[in-house]
Every structure is written in C-alpha cells, then in structure tokens.
Number of protein chains: 2
Amino acid sequence: MTIDDVAKKAGVSKTTVSRILNGDYSHSKEETKQRVIKTIKELNYRPNALAKGLKLMSTNIIGIVLSNLNNPFWSTVLEGVEDTCHKLGYSLMICNSDEDPKKEKHYIEEFQMRQVDGIVINPTVRNLQLYQQLVQANYPLVVINRRLKDFSINQVIGDNVQGSKLAVNHLLDNGRKKIAVTVYKNPYVSTWKERVEGYREAMLINGFSAYDLRILEIDPLSKSIKQVTMDFLKRNHDTDAVYSTNNMITLELIDAIRQLNLKIPEDIAIVSYDETPWAKYLEPPLTTVNQPGYEMGKIATQILVRSITEKNAQRPETVVLKPKLIIRESSNLNRQGLDLRR
Amino acid sequence: MTIDDVAKKAGVSKTTVSRILNGDYSHSKEETKQRVIKTIKELNYRPNALAKGLKLMSTNIIGIVLSNLNNPFWSTVLEGVEDTCHKLGYSLMICNSDEDPKKEKHYIEEFQMRQVDGIVINPTVRNLQLYQQLVQANYPLVVINRRLKDFSINQVIGDNVQGSKLAVNHLLDNGRKKIAVTVYKNPYVSTWKERVEGYREAMLINGFSAYDLRILEIDPLSKSIKQVTMDFLKRNHDTDAVYSTNNMITLELIDAIRQLNLKIPEDIAIVSYDETPWAKYLEPPLTTVNQPGYEMGKIATQILVRSITEKNAQRPETVVLKPKLIIRESSNLNRQGLDLRR
DNA sequence: TTGAAAGCGCTAACAT
DNA sequence: ATGTTAGCGCTTTCAA
C-alpha cells in the first residue's frame, strides 16, 4: 500500500497525493482534493515515514538517553519529555546508559544512524570527546540534570546548591546543630558534588567551621548502605540531623536510624533530595527538596525542538530550575506536635 | 557521508562496501576487506538506517505502548524491555497512552507508519477492533499485563487470581477473619477484576460466604482515596485485614488506618499487590505480592522478536507469570514479635 | 491545476 | 572476486 496505489485509485499523480497529504491544497482544485482525501480514507493509507524521512533527511524523532529507569525522578522527567514530544508532533526513542560510558556511546551512535532529529541526554559525563564532537557538528542536543562544565551547549539543570541551602537552612531554623550530609561517591556527577557544596556553603555562612562538616560518601556499589550509615552515625553519635542527597540513600538511612533505636525527628531530623510518591507516607512523613522533573523534561524537549527547527545557529541556553522545600514531619518537631493533637 | 563516499575512497563499488558492512566477507579477498574496513574507520562512516530500513522493509525498532510511566511496576517492565532490546540488537520507541484509547490508537498508527517491526502493549482494552485488525494483518504484537479475552494473540501476563490467593490465604493463616479488598473501579482492566475474583474464590474456598466479602471499589478519579477508605473502614469497623490490589491505593490506605488510630498489623493487617522500592521501608514494612515485572518485559520482548524473525505463522503463545508473596510485618504478628526481640 | 522524473542511501539480483 | 543497476516510497523541481 503506497502513495502510488492511492494515486492510481484516485486517478491523479503521486505528486498531487503527496501535496494533499501534506496539507498543501493551493495547487489542487477542491474537487480533486476531496477525491484524493476520500481515496486515502477508503484505502486506509498510511505514508511510509521511512521513505519520507530519507527524502527529507529528517525524521521527527528525538532520542533520550537516561542512566536509570527505576528512580521515580526519571519517570517524571520521561513523562514530561513524552508528553511534550506528543504535543510537538515528535516520536520518542529511549535508551538506558546505566551509567556505562560504552553503552552511552553506542546509543548515541545508534541514534545518529537512525537519523533522529535531536537528543536529550542525562550524560555519564565520561565521554567528553564525544559530546564535544556533537557540539562541533552542530547536532541538536540538550543536556539535562548534570552540568557539563565548559561546554557551549543547551542545558536544563536543577539548582542543586540552592536545594542544599534550603535543606540546611531549614534544619538550622529548627535548632539543629550537628548536621551531616550523605552522598553517593561519583566524581563525574556534578549533581551530587553540587549538593555537598551547597551543604558546605550553607554551614559556613551560618558560622560553622570546616570541622563541623560531617560528610558521608557512599560507594554506589556498597553492599549495605544501611550498615555504612549505621557505622557513620555511631562514629558521629551526637549527629542531630542528616541531609540526604539521594532518595534511595534516604530509605536506607531511615532504616539505619530505626535500628539504632533513635527517633525521627526527635533524635535525628531528616531532609532528603527529590520528592517521591512515597515520601508523604513514610513514618514520619519525609521533608524533601522537590525538583520539577516534569518541567525539566518539558523544557528540555521544547528547547531541543526549537534548536531543530530554527537551525540558524542560535546560541545555546542554560535553564536552571529552582527546587522547592516540602516540609513534613521528619524535620520538624512543631509539625509533629500539631499532628499529635489532631 | 554515504556508502558511495566510502566506496570511492576505498576504490571499490558500493556493493563491496555494503557486503563488508554487513559482515559478508565471503565475497571479498582479505586485502579488499581490510582496505574497506580501514576506510570506514577513517571516514568514521555510519550507514543511514533509514535507507537501509526502506530497502529492507524492516527497521530493527520495536515500539512499546505503556499506559502509565509513574508506577514503579512499569519502570521495571520498561527496564526489562530496554535491556532485552539492546541484547537482541533492537532499538526502542516508547509512548504513553495514559489510558486514553484515542491516544493509544494514534500511537499504534504512528508506530505503523514508522515501520517498527513489532509492538509491545499494555492495552487500554478499549480499541478491540484495532487490536483485531493488527492480529488479522499478522502484525507482530505482544500484549502484556492485561488479558485480551478471546484473542488469538501473544500475551505475557501475571497470574492475578493466584496472587490474590497467596494474599488471602496468608491473611487467613495469620488468623484474620474479616478480610476486605480494595480495588480501582475500571471495567476494562482484567488485572484488577481478576484480583478481586481471586479474593472471592479464596474466601469461598475457605468456608466464607458471599456475605463475608468486603469489596471497596474506588473511582480512580476520586478526590480523596484516603477519605473513601476511611469511610469504608468505619462502615466495616470490625475489618481485621485489607488486601489492596494496587500500590497507590495501599499508601492511602495506610494513611487512613493511621488517622483512625488503628495499628498495623495488630488491628488491621495489610497485604498489597506489587512490590515497590519503598515497601520494605514503610512502618511497618509491607507484605507484598511481587510480580516479576522485569521478566514480563524481557519475555515479552523475546517473544516479539521471535515472532518478527520467524514470520512463518507460529501460533500465539500465552505466558502466565507466577507471583510471589514477600512476607513482612504489615501482615504478620509473629514477625513483628521477632523483630521486637532483636 | 497537474504530472514526469530525479534522487534521498541503501541492498541484492544479476552480470562479469 | 567485484561491479552494474534497479528499486524501496516518498518529495520536489521543473515543465506542461
């Protein structure tokens, strides 16, 4: 079933069918137009997007490279990307680098062979040369979540330093003095580094010294994050608050605190990065730093599509999304008090 | 940069390059092969998958239609699909029907125009005619999660009746007598119907009568699931266990029980469908019916790829995946006791 | 207002 | 062992 079949059946040339198909009615008289449209419907004809793409050198497909499908933050980002693609008339190809630079490279090349019109990527930050090539080739690209230093490139990222300050200041406001931070150890990921940096800055600004910083760096491949965390809390037994930069660490942290027979928030207050579906249902409900994941996906897609359609070298833009603090009882004795009264 | 450029540079025809490119070395002598390979590398040439696809009428792309990106069950399924695609040399296009039959139809047609080799779908079950067309056209298709009754079609689904029996029997074993079930009201989704059916069967088999059944059907668009649940529990004040067929309902249920000042599991035991990242961290840790989501995605993809490559009308198969009960303290006084002792 | 024909980049049947 | 060529289904220039 091709455009030729439609043309024959309607008694016109494929040129005419092609025009009608693409909404160019200016060349045909009403009667022809109607006949062609009718024929298309009768045959239930659908144009072959491969042939169209080959001819036009453009596919209306964008690709996204994620590094983790299981974290709900990424589900939300993906939802934003998918919705926006749909609205703008693009299809979406997806893949998962799993933090593996080899896979990342493979997938980017795959996308290029498939002639996708542009790529959204949460980079492993371990293929710097490759990213640079893409930039130089003027390939439509938007980097999300992680900052690529010294790249002239479209980026949509969260303000992680600001998020940390919200968290730490809130803990200080609630009278906490011995505030620790937990973070995955990964030298490549700006996100996590910036969150620790924000913690450091907030502490120093508020009159603490470098000696007051309590930083627990956790190997992502660590057997038991809970055990590591318990050991840390034992070594720093007077810790009265923990700011966790990752929602999976947070769950292990809560477990660790429970097992040490300590109370949240009475003994240890908690604030965690990234709002999740479960945060408000934990016991006690968890205070979180909420990043607008859906927005991140949406804006990244909008910028990408813009840079696809307006090829005339507009300069790359960086959008920094502001986080919000969602205050719940895990960090807040007052709220806890209120709740008991109801 | 095309295959012609490579051919010219290497001083051979495009046929030869094409052969080498596709691993057919039998036609060329070693020296030619090496020269061509060298040239390909030097030019950093990547074949245009669009042209190849147009010629071959096959793209090595499969499409997946999901109905919800945010539920962690679907993230797990997607991970299984993505991994397996990668292993089998396929790329993946993704879209989200959002339970909207219009969108579902649109996306399936989009996939067809893009000549994807096959589709994995969690159907809205509201485009029966369309599914039937695909079957008749012998279009490679695998339905996951939801059963399509009276369709001769590949399916990979969970055994929901069995899952319910595991849940209910476990609750009965723990001495519960007044067991309720909560479920989203949606006449199209077999999954949920089957879970209630399994609850009914398990109750009747164990000597209860239809009068002992306590079924709470919840409108998915309901303003406050928590409120609805509280009302239900008040009306049925002697309920001593709830089997929740959905992980989002479960969170609201736990909240409702807390607000009624009842204890889990002392007053009300809970078992919930679908293991989640957070289940073991709830207070108390949640007993769940675990469906192998990753396996579901993996097996569906394998079946799909098989039905793509072995076009010779093999008959459709239905794979039913067995759920497992993960017993934690929300349903289990003994365990709770054990835990207190540690 | 309409159509003929070239060509997008690739593969494969068919020479040589 | 290698090359010539037709053609996959579409768009678009140019001619009528």
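Naming convention: chains lettered A, B, ... in sequence-line order (proteins, then strands); numbering from 1 in each chain. In what follows, every heavy atom counts, from backbone to side chain, and hydrogens, waters and symmetry copies are set aside.
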N-O pairing of [X] and [Y] below 4.0 Å:
X	Y	value
E99(B)	R146(B)	yes
E317(A)	R306(A)	yes
K38(B)	E31(B)	no
E42(B)	K9(B)	yes

For I119(B), does its backbone N or O pair with a side-chain atom of Y139(B) as donor and acceptor, under 3.5 Å? no
Describe, in one word, how the ring planes of H86(B) and Y107(A) are oriented to each other, choosing from parallel (under 30°), tilted (30 to 60°) and perpendicular (over 60°). tilted
Nucleotide [N], atom [atom2] - distance to [atom1] of [X] in whole Å:
X	N	atom1	atom2	answer
L50(A)	dC10(D)	CG	P	10 Å
M57(A)	dC10(D)	CE	P	18 Å
D4(A)	dT11(D)	CG	C1'	13 Å
K55(B)	dC8(D)	NZ	P	7 Å
L56(B)	dG9(D)	CG	P	12 Å

Under a 4.0 Å heavy-atom cutoff, the residues of residues 9-34 of chain A touching DNA chain D are K14(A), T15(A), S18(A), N22(A)
Its 5'-most and 3'-most nucleotides having an atom under 4.0 Å from a non-hydrogen atom of chain A, DNA chain C is contacted over dT1(C) to dG9(C)
For N44(A), is the CG atom crowded, meaning more than 12 foreign heavy atoms sit under 6.0 Å from it? yes
Check step by step if side-chain hydrogen bond (donor to acceptor under 3.5 Å, both in side chains) holds for E104(A) and N127(A). CA-CA 8 Å; E104(A) 179 180 52; N127(A) 277 315; 2.8 Å; yes
